Q: 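Below is one structure. I have some questions about it.
Just so you know, these numbers come straight off a predicted model, no measurement behind them. Note on naming: letters A, B, ... go to the chains in the order of the sequence lines (proteins, then strands), and numbering restarts at 1 for each one.
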Amino acid sequence: MSGYDFTAIEKKWQEYWQANGTFCQPNPGEEGFDANKPKMYVLDMFPYPSGAGLHVGHPEGYTASDIVSRYKRMKGFNVLHPMGYDSFGLPAEQYAVEHGVHPRETTEKNIANIERQIKMFGFSYDWSRRIATTDVEYYRWTQWIFLQLFNSWYDPEANSARPIDELIAKLESGELLVDLEGRAVMAPLTESFSAIAGIPSVDLKFGELTHEEQRAVIDNHRLAYMAEVPVNWCPKLGTVLANEEVTNEGKSDRGDYPVFRRNLKQWMLRITAYATRLLEDIEIVNWPEPIKIMQRNWIGKSSGASVDFEIAGGDGETIRVYTTRPDTLYGATYMVLAPEHQLVEQITTAEQKAAVDEYVAQAANKTELDRMTEAKEKTGVFTGAFAINPITGEQIPIWVADYVMMGYGTGAIMAVPAHDTRDHEFAMQFDLPIRPILKQRNEDDARYFVEVKADQFQLLWDAFVKDQSLCPALRGIGAGNIDSFTPEGRTYNPDVDDPNINPILVMSIQTKRLIFVGQTGIDALVSAACPNLQVKPIAQCTSELDESLEYIGSEEINGLAPEAGKTRMIEYVEEKELGRSSTQYKLRDWLFSRQRYWGEPFPIVHCENCGTVGLRDDQLPLELPPMDDFSPASSDDPEAPPKPPLGKMTDWVNTTCPCCSGPATRELNTMPQWAGSCWYYLRYLDPKNSEQFCDPKVADYWMGSGDDGGVDLYIGGAEHAVLHLLYSRFWHKVMYDLGHVRTPEPFGKLFNQGMITSFTYRDSRGVCVPNADVEFREDGVYNKAGEKLSESIEKMSKSLKNVVNPDDVIHQYGADTFRLYEMFMGPLDASKPWNTRDVPGLFRFLQRVWRLVAGDAENDQPALINDNMNDDIEKALHKLIKKVGEDIEAMKFNTAIAAMMEFVNACFKAGCITTNQAERFVLVLAPLAPHIAEELWQKLGHAESLAHEPFPTYDEKILIESTVELPVQVNGKIRSRITVAADATQEEILAIAKAEEKVASGIEGKTLIKEIVIPGRMVNLVVK
RNA sequence: GCCGGAGUGGCGGAAUUGGCAGACGCAAGGGACUUAAAAUCCCUUUUUCUUCGGAGAGUGCGGGUUCGAGUCCCGCCUCCGGCACCA
């Protein structure tokens, strides 16, 4: 110890900040608000307050955002930096059920604990803005936003959400009609696709519908609606489960109870209406590219065509398919329906009925997850019926198979086994015809492969070498080349290797595949070497348009390349009225209800007269009623209806309709955990507002407006790359459409911190050894019994015994050391392993800082501060100020800390630092290690906190070096170094370089062919 | 399978984006101060050869472009993350 008593210092400053409201940031119009400053909204992903408390991953992002916040404050910004809790959710409820405590109680206890932990780090949050999604005054507005969704529809004409009343007005005026499927459509209706398909187009006037029908039409257009959807239903737990909560065996993750797939009426949010905008607006945000790609993939836009296939002998009845490759229609040799497809029963022939029924029944009992994991092998059954390929006119069989999903496209496909890997597998399995309609434009480029085992590889290879005459493609490969082909894998690349050698590509044995480009003789060679091996053409996958291909046997498009062929075929099917261009998305509507207690109640009642009715704004909040027994109803019967826990609260359930005042019952489901986190960043802006979710003037200030608005910096883990960020964007866009916010996107800039992993040690039996129990020796890691352990880097988890608790680290070294360590580990966005043995290094650095500025009282060592103004230290300080500022802006904290260490080392070496220099250094350190910085600042004679002191500035002029050292290379090898004036001319530099002894001997007697001088960098002399 | 990201000393990682590879920290070894330990300070630490002057090799592997490649191009391997029969 050197007098650096971090425990006392950190406590002291945390209390000071709290008592002085150092980080309270007033809103525009409030006392103390400075309108002249620019604004910065720095947001963290708020934590779920679990009983386990914080793990070391949380403070990683929080420290980064805190550094930026503190830096920006010193740079003269109004900084909004809030924190709160995402406190609804399953674990609290589960714990409550098991221990008989109310979830509110556990939640509050957990919040208190996690807040205590967060506060230990000294983060500069404005705690006056703290929220929790379980606060009644918070979820009141979650319910209010839900009602905005409920009371809106998506107007395709305006490409925007509009109040549902506008839809009703348009329907009543006859501006919109209702089509056969209950959709509001423009009047007069343009010739609809159903008309093309032979269904008479009967568009109805809204006024002619019954009351119930009218209500159904309206409800079908709401952004929040109820629908029968397939769910994972667990009667024992009395609830539906998310896919992630179902095991591979079709059991519930908790309890191991059977789970059934069942259609249940659930609340859905119409996120699909926003698919296009969610996709397009990814372009306007500053997010990491991988996250953008993940969102794009999740939305999954594809374009192609819908095509109708007539059923043979079916009186003109058709099956509609969606395909991204209508250009392969000539190769469609069979069709497949999803087991749930409504036509299955109708078209199945008598002979096939038993088999089909059995298959469909089997498929119905599988969960999505089953289908996903088990169905590596294709299964299916023939219906006995045939369809007519609309372009070739031939009859093709119709099959039922579960590799076709009901939820995507039309639930039916045309199968092109020659050019789609899945269709190909299925066709091979059931011996269905395969007709190639694409070939390599250039024969020599045609690719073939054989699958080989290691011993076969050698056999083949020997054959290649010995019998080159068998295979002209191989002629010219010399023995020297051959040698470098080893079973470990070495490639021969036709593009860059000797061009005289005919093209052949050999891929590694490890992929168990040899791939040949150019076919001549390969098949003969292979069968000669290994008679049981077969050369197969590589299937051309349909998802990518491979422009090196051309069509054969496809009358309309022969000779075209796929890009052009696809465009032409879409035109063609539209001309012939066989189908039309179509776009599909993978994105599905969002299943929004849960049969649980600990969530936001829906502000909805069900009334016999009025149907599903939203509460009035003045009836909010609808509080979650206190209950003693909130466990869901359990049953052994898969047909048992779901009974959400709220159903037991009869007094609460039975109410009156806000519309007709007649008897009504409340909605019993609650919202999923995502709901609260969809909009919390807006509530922070104005957390105490009881009139609105947020004052628009306040939102305008902090969020800005237009495409470049939104939260200025949002930091969090990549585990929320899709769901939370997509849901939030969706809600925000609805709010934007309805005029409640003025930016199209919620988060202008996003940054993902990497995962903090941990070293995991296992003994010879594979049993994990706790990190605390291992012993490091020179040649490895051992357990207490002296057994050598294997080491690997894995996620932190209890079962791997590699979890690090931040409390322990802070207790031993303090928060500043912890913060520095996590920032010093490596780049913020990279995943990196925690290594407790590295932590003392950062602690030592802070002690050196302390001794530099405050001295070491215990060892009677004074601070290094004196009046000796050293120019080198001054220059180093200016460099440091520049470097740290730039690194913080770029979130490169690891190199900022390294630079500070270098500076401190330089000061000790020089033996001096002035008071003024020490002050500037302390300010530079402050964003990263705020407690020690505050204490030293005070010791330097300042009464006030440094939190709002201006960040030091640097002078470019001081940074300019008068001389530079340049490496001198001869033929690219460094021979010497020279020191020249920074402004030396090329001639001068060359003259000095050539005069250098080592260089001179290197070029002596040789011809100088090129002289390269890069000023300030290096010199290279090329000689022959 | 598809889509991302990454591979640099014993370890975590630097390298102004094509210009001195290994900054900074950890660990290890040696030394100083101490009765001793801790703490602190100094030196060594990519690797091979060495006549101790130095010489060679080196950023997952094989090639290429360039005066010059960790960085760019082609091909491959491994690890991590995400998606997963999306027609």
Q: Give one of base, sugar-phosphate or nothing for Asn971(A), where a contact means two heavy atoms less than 4.0 Å apart.
A: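 Asn971(A): no heavy atom of the nucleic acid under 4.0 Å.
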Q: Please measure how far the C1' atom in A84(B) lies from the corresponding atom in G19(B), and state the result in whole Å.
A: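 So the two C1' atoms sit 45 Å from each other.
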Q: Quick check on RNA chain B: between Ser302(A) and Ile291(A), whose nearest nucleotide comes earlier from the 5' end?
A: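 By nearest-heavy-atom nucleotide position, the 5'-most residue is Ile291(A).
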Q: What's the gap between G64(B) and C11(B) when it is taken at their C1' atoms, as a whole Å value?
A: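 34 Å, rounded to whole Å.
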Q: Does U40(B) have a Watson-Crick or wobble partner in any strand here, with both distances under 3.5 angstrom, and which is it?
A: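 Result: A32(B).
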Q: Pairing check on U47(B): which nucleotide meets the Watson-Crick or G-U wobble criteria with it, both distances under 3.5 Å?
A: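 Base-paired to G56(B).
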Q: Check whether the side chain of Arg1017(A) and the base of U16(B) form a donor-acceptor pair under 3.5 Å.
A: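 Counting by modelled atom types and ignoring angles, a donor-acceptor contact under 3.5 Å is found here.
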Q: Which glycosidic conformation, syn or anti, is assigned to G60(B) if syn requires a torsion within 90° of zero?
A: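 Here G60(B) takes the anti form, which means its glycosidic angle is more than 90° from 0.
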Q: Let me spell it out: for each of Lys892(A) and Asn835(A), pick the nucleotide of RNA chain B with the closest heavy atom. Which residue's pick is nearer the 5' end?
A: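 Here Asn835(A) is the residue nearer the 5' end.
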Q: Would U51(B) be called syn or anti here, given the cut-off of 90° from 0?
A: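 This nucleotide is in anti.
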Q: If I take atom CG in residue Asn752(A) and atom P in nucleotide G81(B), what distance separates them, rounded to the nearest angstrom?
A: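 After rounding, the gap between these two atoms is 15 Å.
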Q: Which glycosidic conformation, syn or anti, is assigned to G53(B) if syn requires a torsion within 90° of zero?
A: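 This nucleotide is in syn.
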Q: Give one of base, sugar-phosphate or nothing for Asp829(A), where a contact means two heavy atoms less than 4.0 Å apart.
A: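 Counting heavy atoms under 4.0 Å across all strands, no contact is made by Asp829(A).
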Q: Can you check the Leu1021(A) CG to G68(B) C1' distance for me, whole Å?
A: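 After rounding, the gap between these two atoms is 12 Å.
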Q: Which nucleotide, in any strand shown, forms a Watson-Crick or G-U wobble pair with C61(B), with both distances under 3.5 Å?
A: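 When the pairing criteria are applied, G75(B) turns out to be the nucleotide that pairs with C61(B).
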Q: With a 4.0 Å cut-off on heavy atoms, is Lys832(A) in touch with a base, just the backbone sugar-phosphate, or nothing at all?
A: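 Sugar-phosphate contact only - Lys832(A) comes under 4.0 Å of backbone atoms but never of a base.
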Q: Return the minimal non-hydrogen interatomic distance between Tyr782(A) and Leu789(A), and the atom names on each side.
A: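 For Tyr782(A) and Leu789(A), the tightest heavy-atom pair comes out as C-CD1, 3.7 Å.
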Q: Determine the minimum heavy-atom distance between Leu337(A) and Ala412(A), stating which atoms define it.
A: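 Result for this residue pair: CD2-CB, 3.5 Å.
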Q: What is the distance from CZ of Arg975(A) to P of G19(B), rounded to the nearest Å?
A: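 Checked: the CZ to P distance equals 21 Å.
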Q: Between U65(B) and A14(B), how far is it from one P atom to the other, in whole Å?
A: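 One P to the other, the span is 31 Å.
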Q: Suppose you measure atom P in G10(B) against the same atom in C85(B); what distance do you get, rounded to whole Å?
A: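 These two P atoms come out 43 Å apart once rounded.
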Q: For Ser302(A) and Tyr408(A), which I'm curious about, is there any donor-acceptor pair between the side chains at under 3.5 Å?
A: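 Ser302(A) vs Tyr408(A): donor-acceptor pair found between side chains.
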Q: Quick check: closest heavy atoms across Lys994(A) and Leu1021(A), and the distance to 0.1 Å?
A: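 Scanning both residues, the minimum pair turns out to be CG-CD1, 4.3 Å.
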Q: Check this for me: does the side-chain of Asn1020(A) come within 3.5 Å of the base of C67(B) through a donor and an acceptor?
A: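 For Asn1020(A), whose side chain was compared with the base of C67(B), there is a donor-acceptor pair (under 3.5 Å).
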Q: Without hydrogens or angle criteria, can the side chains of Tyr761(A) and Ser792(A) be said to hold a donor-acceptor pair below 3.5 Å?
A: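 Ser792(A) and Tyr761(A) do not have a side-chain donor-acceptor pair below 3.5 Å.
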